[in-house]
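The structure appears below as structure tokens.
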Amino acid sequence: MASPRTLFDKIWDNHVIAPQGEGTYLIYIDLHLIHEVTTPQAFEGLKLAGRKVRRPDATIAVADHNIPTTNRVAGAAGIDNPESKLQVDALERNVKEFGVPYFPITSLDQGIVHIIGPEQGLSQPGMTIVCGDSHTATHGAMGALAFGIGTSEVEHVLATQTLIQSPAKNMLVEVNGGLGAGVSPKDVILAIIAKIGTAGGTGHVFEYAGSTFRDMSMEGRMTVCNMSIEAGARAGLVAPDEKTIAYVMGRPYAPKGAAWEQAVAYWRTLPSDPGAKYDKEAHLDAADIAPHVTWGTNPEQAAPVTGRVPDPAQIEDPLRRAAVERALQYMQLKPNTLLTEVPVQRVFIGSCTNSRIEDLRAAAAIARGRKVAEGVTALVVPGSGHVKHQAEEEGLDRIFLEAGFQWRDAGCSMCMSMNDDKALNGERIASTSNRNFEGRQGKNAKTHLMGPAMAAAAAVTGRISDVRDLA
Amino acid sequence: MEKFTTLTGVAAPLPIVNLDTDKIFPAIYLKTIKRTGLSQWLFQEIRFRPDGSENPDFVLNQAPYRKAKFLIGAENFGCGSSREHAPWALHDFGIRCVVAPSFADIFYNNCFKNGILPIALPKEIVDMLMEDARKGANAVMTVDLESQTISRPDGEKVHFELDAFRKHCLLNGLDDIGLTEQKAADIGAYEQRAQLARPWQFGMTQRGV
């Protein structure tokens, strides 16, 4: 009998085309998601070499990173920033020339690439999915092997629908137990990254297992998988189960009729076999996970909101100590400060990590009947046109607007601040995004990552707050 | 792609752990649609002061390191975003080899696509090379890809490991896409099998609602 295989092993085996040298393989890519920022140079390369897109029917394009979140009715023509417009124009020209399907920015279907993949039923269990964006791991929540690639690899996939890869190692990330009140999937992944570190997953693909993930909603699983890269993992996966199948069913690009039955039968073969071996494991108890916030300049520098800013004097390793000292200097935080005493000037609720309807509901539940604190600017940026529409149907937009939040159109927005949404004058931000790197949300911007309800709590109190005190 | 055989030059010490690609190449400059001329934005936040003048404390602004061909880095070099602009900007500056105890996967991959050799070595050895690098112009290193060795300024040779396929591609300046196209028959045969096994995935994005 064949040895037991993990979910990753099965997807990998199903996609190997041929060996390509020692330990390296040519693998097939089922779905290629493309956006305006990491593709212009790839299309230019295709043109120079006279190559075509091999599978336009397995490729889909959307503009999300570099577009404004206001005044979208005019489409690309309404983009004020000339460089941003040039990039979106280039994408629109390229998709037309190469016959790639595209969701225009005026369409309800437009949104952040990692939001719309699952939302449209494009991202399905067992697929290999790539995108020129490191947060492609999000689609792993569907039980797909999804990972970010560079622009040269984008060009390679466009031309050949394949990639040259070496297999990753398997790492089991197991969390068991129910989450406490006020604890969200974002807190789970921040706790995991804090435990294993930003390089804890390098060379590995995570499989998230245990009752915490089984009981988690599909959208919660997406939040968790999204940040796999922040622990250095190539990808993160959750085994497809009945919840996954129910989520995909009926979505626009999901298989229908007999094809649906065939697909479901295939998806049910994917979960890891009993006794499958993992190269590395990490185990957490959900009962130990409190709402988390980051205090530093990378996502492993996180702590329970009830905690304090660490003291570098307590760190032995000189490089690590220097890193914490540098982080605290950049963040302008004093050692041992209570995290709940840290004021914020800006709040961002959005990004491919936390801009789905459940995120907006969680944030709105805190915002309802409260007001954004004086001196705080708060933005809510839905992940897609459909998320925005759904939120408006539920009246969430009115809750946010009445509380003093801004209600925007879908896009990546302040997660990486390529558009006009950014922190000014080194503001301190409560952000639901995925990276607290120096300067990412604006020059000298000081980012504290947290979940959507926690960010809403920060908005209405004007400081980092324990959402459990506001519930 | 240009061939990579040997490289001799000055190495700049950059002992920052978790040096992320936002630091190497800030997102705001990703608006470019070109892959050349990107070194003007390399390490923007730490290389330049708010008024746009050079920060004299930053290593690449110091005399011997302006022409550095090597970077000696720390753990988890190049973590974060998948942006290939990071290696494009390093290459444009003149960096052809990065040595560190560990690399983030995507950055590591992206280097090979652009004729930059990333070398992972045990931390004790990187620490020695870091000390060499601190000697500036007196510390010229040489890397020989064929023999997989770095020669330190004192002549001592350090061996490094490298995937055979990647080595072959760098040594010969091979274009990945061209290589893969030689396997067109294999790809076609795979597609036929996949279409039988997973027919719903074919024509998918053009089907829609």
Side-chain angles (χ1 to χ4, degrees), chain A residues 17-18 20-24 26 28 30 37-38 40-41 56-60 66 83-84 86-87 90 101 122 127 132-134 148-153 155-156 159-162 164 166 198-199 202-203 232 234 252-253 255 259 262-263 266 298 319-320 323 416-418 435 437-440, chain B residues 15-18 20 22-23 26-28 30-35 44-45 50 74-76 79-85 87 102-106 109-110 113-114 163-166 168 176-177 179-181 183-184 186-187 189-191 194 197-209:
Chain A
I17 299 165
Q20 179 80 283
E22 195 184 326
T24 311
L26 191 64
Y28 201 75
D30 294 326
V37 175
T38 55
Q41 297 88 346
D57 66 309
T59 313
I60 202 149
N66 198 1
E83 289 171 296
S84 301
L86 186 69
Q87 216 167 42
L122 288 157
M127 279 182 164
D133 187 281
S134 59
I149 54 177
T151 297
S152 294
E153 291 184 316
E155 185 180 339
H156 194 278
T160 67
Q161 204 59 30
T162 69
I164 299 165
S166 47
T198 51
T202 304
R234 287 198 202 168
Y253 291 84
Q262 192 184 358
Y266 172 63
N298 72 51
L319 268 187
R320 294 273 157 201
M416 39 131 51
S417 295
M418 280 191 71
R435 283 190 180 133
F437 295 159
E438 291 178 23
R440 183 164 165 105
Chain B
I16 303 175
V17 290
N18 295 316
D20 58 73
D22 273 81
K23 221 170 264 154
I28 188 73
L30 298 176
K31 289 178 195 286
T32 179
I33 58 170
K34 300 192 182 316
R35 59 173 106 195
Q44 175 81 14
E45 294 283 322
E75 284 93 344
N76 202 26
C79 62
S81 157
S82 63
R83 64 192 65 160
E84 202 159 317
H85 307 66
S102 60
F103 291 89
D105 285 329
I106 305 177
N109 242 334
N110 283 343
K113 313 287 181 196
N114 294 284
D163 170 88
F165 177 71
R166 285 180 159 135
H168 173 72
D176 272 2
I177 298 179
L179 277 180
T180 299
E181 282 176 342
K183 291 203 157 36
D186 290 329
I187 298 170
Y190 178 90
E191 280 175 340
R198 311 191 295 272
W200 64 91
Q201 287 178 5
F202 286 74
M204 186 176 79
T205 64
Q206 287 171 332
R207 198 158 48 230
V209 196

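Chain naming here is simple, since letters A, B, ... match the order of the sequence lines and numbering starts at 1 in each.
Interface remark: of the candidates A:E153, A:Q161, A:Q262, A:Q262 forms the most heavy-atom pairs closer than 4.5 Å to chain B. Heavy-atom pairs under 4.5 Å with chain B peak, among A:L86, A:L26, A:T38, at A:L26. Taking A:S417, A:G203, A:A159, A:S166 one by one and counting their heavy-atom pairs under 4.5 Å with chain B, the maximum is reached by A:G203. Ranked by heavy-atom pairs under 4.5 Å with chain A, the list B:I16, B:D176, B:D20, B:V17 is led by B:D20. Contact count against chain B (heavy-atom pairs under 4.5 Å) is highest for A:P101 among A:P40, A:A58, A:P101.
Across every non-hydrogen atom of B:S82 and A:G132, the tightest pair is OG-C, 3.5 Å. The two residues B:R35 and A:S152 have their closest heavy-atom pair at NH1-OG, 4.1 Å. When all heavy atoms of B:A27 and A:M418 are compared, the pair lying nearest together is O-CG, 3.5 Å. What you find for B:I106 and A:S134 is that their closest heavy atoms are CD1-CB, 4.1 Å. In terms of heavy-atom proximity, B:D22 sits nearest to A:R440 at OD1-NH1, 3.0 Å. Nearest heavy-atom pair, B:A74 versus A:L319, reported as atom, atom and distance to 0.1 Å: CB-CD1, 4.3 Å.
Here B:K183 contributes atom NZ and A:T160 contributes atom OG1; the two are 12.0 Å apart, rounded to the nearest 0.5 Å. Between the CG atom in B:N110 and the OG1 atom in A:T151 there is a gap of 7.5 Å [rounded to 0.5 Å]. How far CD of B:E75 is from OG1 of A:T198: 10.0 Å, rounded to the nearest 0.5 Å. With rounding to the nearest 0.5 angstrom, the CD atom of A:E83 is 10.0 Å from the CD1 atom of B:I33. Once rounded to the nearest 0.5 Å, the distance linking CZ of B:F165 with CD of A:Q20 reads 4.0 Å. Interatomic distance, CG of A:N298 versus CG of B:N76, reported as 8.5 Å (0.5 Å rounding).
Contact annotation for B:H85: only side-chain heavy atoms (C-beta onward) come within less than 4.5 Å of a heavy atom of chain A. Contact annotation for B:I177: both backbone and side-chain heavy atoms come within less than 4.5 Å of a heavy atom of chain A. For A:A263, the parts sitting under 4.5 Å from any heavy atom of chain B are the backbone and the side chain alike. Contacts between B:A197 and chain A at a heavy-atom distance below 4.5 Å involve the backbone alone (N, CA, C, O). Heavy atoms of B:S81 lying under 4.5 Å from chain A belong to its backbone as well as its side chain. With a 4.5 angstrom heavy-atom cutoff, A:T162 touches chain B only via side-chain atoms. With a threshold of 4.5 angstrom between heavy atoms, A:L122 approaches chain B through its backbone and through its side chain. Proximity to chain A is limited to the side chain of B:N109, based on heavy atoms less than 4.5 angstrom apart. Contact of B:Q44 with chain A is not made at all, since no heavy-atom distance falls under 4.5 Å. When heavy atoms are compared at a cutoff of 4.5 Å, A:I164 approaches chain B solely by way of its side chain, counted from C-beta outward. Residue contact with chain A, scored on non-hydrogen atoms closer than 4.5 Å, involves the backbone and the side chain of B:F202 alike. At a 4.5 Å heavy-atom cutoff, the contact between B:E45 and chain A is made by side-chain atoms alone.
With hydrogens and angles disregarded, a donor-acceptor distance shorter than 3.5 Å links the side chain of B:T205 to the backbone of A:P56. Between the side chain of B:K31 and the backbone N or O of A:Q87, no donor-acceptor pair lies under 3.5 Å. No side-chain donor-acceptor contact under 3.5 Å links A:E438 to the backbone of B:K23. For the pair A:R435 (side chain) and B:G80 (backbone), a donor-acceptor distance under 3.5 Å is present.
You'll find the side chain of B:K113 stays beyond 4.5 Å of the side chain of A:H156, heavy atoms only. Side-chain contact between A:E155 and B:E84: absent, with no pair of heavy atoms (C-beta onward) separated by less than 4.5 Å. Taking 4.5 Å as the limit, some side-chain heavy atom of B:N18 sits within range of a side-chain heavy atom of A:R320. In this structure, B:I187 and A:Y28 have side chains that are in contact, with non-hydrogen atoms separated by less than 4.5 Å.
The pair A:D30-B:R198 meets the salt-bridge criterion, since a charged nitrogen lies less than 4.0 angstrom from a carboxylate oxygen.
The closest side-chain donor-acceptor pair between B:D163 and A:T24 falls under 3.5 angstrom.
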